[in-house]
Q: 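One structure, pasted below without further comment.
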Amino acid sequence: MGSSSNWLVVLVVLSICVVDAYRPGDIVPMSKMGQYHNSRTVWHDMIGKHCPIFAVNREVLIPIPKPTGYTNSDAYKISFQVGREKFLVPWLYLINRKSSEVPMIHLHLTYSGLDLLGVTAKLLDMPHHYVEIHPDIKTQFWDPQHWPKHVLVRYTWEEQSEIDVASGFYVLFGSGLLMSFVLSIYILQSSREKISRFVMETVADSSMPAGGVAKVE
């Protein structure tokens with residue numbers, strides 16, 4: 001009975017690990033939140049075609065709905081939660097951000113094996129060649145009456161080695177240093193024994209009589 005229970009626990013743990021792991025090509029769930037003035041939306045789950053694809057670099061256009069009470073007099077900002085781990089992306093200013101260029105969001109995701117490690121984000125100007133190919137995006141973005149607006153999101157992925165090279169170097173260096181220390185102590189101890197034996201033999205030789213044989217009475 002106990003053995004069966006242990007196997008059941010192991011199977012449950014393995015199942016949880018499999019569920020939490022990503023595979024290349026999997027959709028990484030993402031949600032977004034917007035804020036305008038003091039009004040903030042709740043987290044809204046994004047549909048799959050707008051989300052990152054695990055270990056796949058790509059670009060998507062995401063729609064930005066009109067904020068409640070929007071008057072074009074204040075900045076509109078957006079935040080994201082990425083993955084089942086819910087990595088939080090800080091606020092990004094999209095509208096009225098003191099730039100005449102159409103914004104683009106760059107999300108850089110790092111992973112190791114089948115695990116998502118983290119996300120960084122920055123707001124950039126949309127490349128001019130993209131605006132030239134899709135001029136309606138720029139026109140609609142700056143039109144205060146046109147909603148929803150669309151923002152280009154670029155997802156890039158970086159794989160990090162499962163072996164930490166820096167940590168491995170420090171461990172190797174520390175092990176070498178420890179071995180050197182132990183070896184030095186061993187050599188010093190061995191030398192002291194040899195020196196002590198040499199001194200004792202020298203003293204014994206110097207205490208013998210001139211004839212070379214000590215007289216015992």
Side-chain angles (χ1 to χ4, degrees), residues 19-111 114-160:
V19 170
D20 287 342
Y22 297 96
R23 293 173 298 178
D26 282 353
I27 293 175
V28 178
M30 190 162 81
S31 55
K32 68 178 186 289
M33 172 189 288
Q35 179 172 325
Y36 182 74
H37 284 312
N38 295 322
S39 177
R40 180 179 298 182
T41 69
V42 297
W43 288 107
H44 292 286
D45 293 334
M46 297 169 56
I47 61 176
K49 68 177 182 179
H50 296 150
C51 293
I53 302 297
F54 191 79
V56 176
N57 296 334
R58 69 177 193 141
E59 296 174 346
V60 299
L61 281 172
I62 63 171
I64 305 298
K66 184 177 182 179
T68 302
Y70 181 77
T71 60
N72 200 32
S73 61
D74 200 357
Y76 176 76
K77 55 187 179 180
I78 191 171
S79 178
F80 298 100
Q81 281 185 346
V82 184
R84 291 185 289 267
E85 302 82 358
K86 297 187 180 301
F87 290 110
L88 182 64
V89 173
W91 291 109
L92 301 170
Y93 287 84
L94 289 183
I95 302 175
N96 294 336
R97 63 185 184 101
K98 299 180 181 180
S99 174
S100 59
E101 299 292 335
V102 178
M104 179 187 78
I105 299 172
H106 181 197
L107 290 180
H108 186 68
L109 304 98
T110 56
Y111 71 102
L114 303 179
D115 298 321
L116 178 62
L117 301 181
V119 182
T120 58
K122 57 184 176 180
L123 202 62
L124 306 172
D125 295 335
M126 184 180 290
H128 287 180
H129 71 273
Y130 197 96
V131 176
E132 293 172 358
I133 297 174
H134 305 280
D136 55 323
I137 292 180
K138 182 175 182 179
T139 302
Q140 294 172 2
F141 187 84
W142 293 116
D143 182 357
Q145 304 303 321
H146 187 278
W147 294 91
K149 301 184 184 300
H150 289 83
V151 174
L152 181 68
V153 179
R154 175 178 294 166
Y155 299 114
T156 58
W157 291 81
E158 178 185 357
E159 183 176 12
Q160 293 187 354

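Keep in mind that what you see is a predicted model, and the values were worked out from it rather than measured. Note that these values count all heavy atoms, side chains included, but never hydrogens, waters or copies made by symmetry.
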Q: Could you check whether Arg97 makes a cation-pi contact with Tyr76, meaning its NZ or CZ is under 6.0 Å from the centre of the six-membered ring and within 45° of the ring axis?
A: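 Not flagged: Arg97 not positioned over aromatic ring of Tyr76.
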Q: Might you point out which heavy atoms bring Ile62 and Val153 nearest each other, and give the distance in Å?
A: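 Looking at all heavy atoms of both residues, the closest pair is CD1-CG2, 3.6 Å.
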Q: I'd like to know if the side chain of Thr139 and the backbone of Pro135 have a donor-acceptor N/O pair within less than 3.5 Å.
A: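 Yes, because the side chain of Thr139 sits within donor-acceptor range (under 3.5 Å) of the backbone of Pro135.
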Q: Do Leu109 and Tyr155 touch side chain to side chain, with heavy atoms closer than 4.5 Å?
A: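 The answer is yes, as the side chains (C-beta and beyond) meet within the 4.5 Å cut-off.
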Q: Counting C-beta onward and ignoring hydrogens, is there a side-chain heavy-atom pair between Tyr130 and Ile137 closer than 4.5 Å?
A: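 Contact flag for Tyr130/Ile137 side chains = yes.
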Q: For the OG1 atom of Thr110 and the CH2 atom of Trp157, what is their distance to the nearest 0.5 Å?
A: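 If I round to the nearest 0.5 Å, the distance is 8.5 Å.
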Q: Could you grab the distance from atom CG of Leu61 to atom NE2 of His150, nearest 0.5 Å is fine?
A: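 So the gap between those two atoms works out to 6.5 Å.
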Q: Check the pair Tyr22, Tyr111 against side-chain contact (heavy atoms from CB on, under 4.5 Å), reporting the backbone distance first and the verdict last.
A: CA-CA 10 Å; Tyr22 297 96; Tyr111 71 102; over 6 Å; no
Q: If you compare all heavy atoms of Trp91 against all heavy atoms of Lys77, which two are closest, and at what distance to 0.1 Å?
A: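 Heavy atoms of Trp91 and Lys77 come nearest at CE3-CG, 3.6 Å.
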Q: Roughly how far, to the nearest 0.5 Å, is CD1 of Ile105 from CD1 of Ile78?
A: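 If I round to the nearest 0.5 Å, the distance is 5.5 Å.
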Q: Quick check: does any side chain N or O of Arg84 sit under 3.5 Å from a backbone N or O of Ala21, one acting as donor and the other as acceptor?
A: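 Answer holds: yes.
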Q: Think Lys138 forms a cation-pi with Trp142, using NZ or CZ under 6.0 Å from the six-ring centre and within 45 degrees of its axis?
A: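 No, Lys138 does not lie over the aromatic ring of Trp142.
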Q: Do Tyr70 and Ile95 come within less than 4.5 Å of each other through their side chains, counting heavy atoms only?
A: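 Sidechains of Ile95 and Tyr70: in contact.
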Q: What do the steps show when you test Ile53 against Val28 for side-chain contact (heavy atoms from CB on, under 4.5 Å), and what is the final call?
A: CA-CA 6 Å; Ile53 302 297; Val28 178; over 6 Å; no
Q: Please report the shortest heavy-atom distance between Thr156 and Asn57, naming the atom on each side.
A: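 Closest heavy-atom pair between Thr156 and Asn57: CA-OD1, 3.2 Å.
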Q: Taking side chain as C-beta onward, heavy atoms only, is Met30 less than 4.5 Å from His50?
A: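 A side-chain contact is absent here, since even the closest heavy-atom pair is not under 4.5 Å.
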Q: Give, for atom SG of Cys51 and atom CZ of Phe80, the distance between the pair rounded to the nearest 0.5 Å.
A: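 It is 10.0 Å, given to the nearest 0.5 Å.
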Q: Closer than 3.5 angstrom, by distance alone: can the side chain of Lys149 be matched with the main-chain N or O of Phe141 as a donor-acceptor pair?
A: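 Checking the backbone N and O of Phe141 against the side chain of Lys149, a donor-acceptor pair under 3.5 Å is found.
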Q: I'd like to know whether CG of Asn72 has more than 12 heavy-atom contacts from other residues, nucleotides or ligands below 6.0 angstrom.
A: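 Yes, because the 6.0 Å sphere around CG of Asn72 holds more than 12 heavy atoms from other groups.
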Q: Could you check whether any side-chain heavy atom of Thr71 comes within less than 4.5 Å of a side-chain heavy atom of Tyr36, counting everything from C-beta outward?
A: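 Thr71 reaches Tyr36 side chain to side chain.
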Q: About how many Å separate CE of Met126 and CE of Met104, when rounded to the nearest 0.5 Å?
A: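 Met104 atom CE to Met126 atom CE measures 7.5 Å (nearest 0.5 Å).
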Q: Return the minimal non-hydrogen interatomic distance between Leu116 and Gly83, and the atom names on each side.
A: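 Closest heavy-atom pair between Leu116 and Gly83: CD2-CA, 4.2 Å.
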Q: If you draw a 6.0 Å radius around CD1 in Ile27, do more than 12 non-hydrogen atoms from other residues or ligands fall strictly inside?
A: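 Check fails, neighbour count at 12 or below.
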Q: In Å and rounded to the nearest 0.5 Å, what is the OG to NE2 distance from Ser73 to His37?
A: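 NE2 of His37 is found 4.0 Å from OG of Ser73.
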Q: Using a 3.5 Å distance criterion without hydrogens, assess whether the side chain of Asp125 forms a donor-acceptor pair with backbone atoms of Pro103.
A: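 No; judged by distance alone, with no hydrogens or angles, the pair does not exist.
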Q: Ignoring hydrogens and angles, tell me if any N or O in the side chain of Asp143 forms a donor-acceptor pair with the backbone of Gln145 under 3.5 Å.
A: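 Judged by distance alone, yes, a pair lies under 3.5 Å.
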Q: Begin from the C-alpha positions of Met33 and His44 and carry the test side-chain contact (heavy atoms from CB on, under 4.5 Å) through to its verdict.
A: CA-CA 6 Å; Met33 172 189 288; His44 292 286; over 6 Å; no
Q: Compare every heavy atom of Lys32 with every heavy atom of Pro63, then report the nearest pair and how far apart it is.
A: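 What the structure gives for the nearest pair is O-CE, 3.9 Å.
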Q: Mind checking whether Val56 and Pro24 have side chains closer than 4.5 Å, heavy atoms only?
A: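 Val56 vs Pro24: side chains apart.
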Q: Just by distance, no angles: are the side chains of Ser99 and Tyr93 close enough, under 3.5 Å, to form a donor-acceptor pair?
A: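 Looking only at side-chain atoms, Tyr93 and Ser99 do not form any donor-acceptor pair under 3.5 Å.
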Q: Dump the intermediate steps for side-chain contact (heavy atoms from CB on, under 4.5 Å) on Gln160 and Leu117, then the final yes or no.
A: CA-CA 9 Å; Gln160 293 187 354; Leu117 301 181; 3.5 Å; yes
Q: With side chains defined as the heavy atoms from C-beta onward, is the minimum distance between Lys49 and Val60 less than 4.5 Å?
A: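 They are not in contact (no side-chain heavy atoms under 4.5 Å apart), so the answer is no.
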Q: Could you tell me how the ring of His108 sits relative to the ring of His106: parallel (under 30°), tilted (30 to 60°) or perpendicular (over 60°)?
A: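 His108 vs His106 ring planes: perpendicular.
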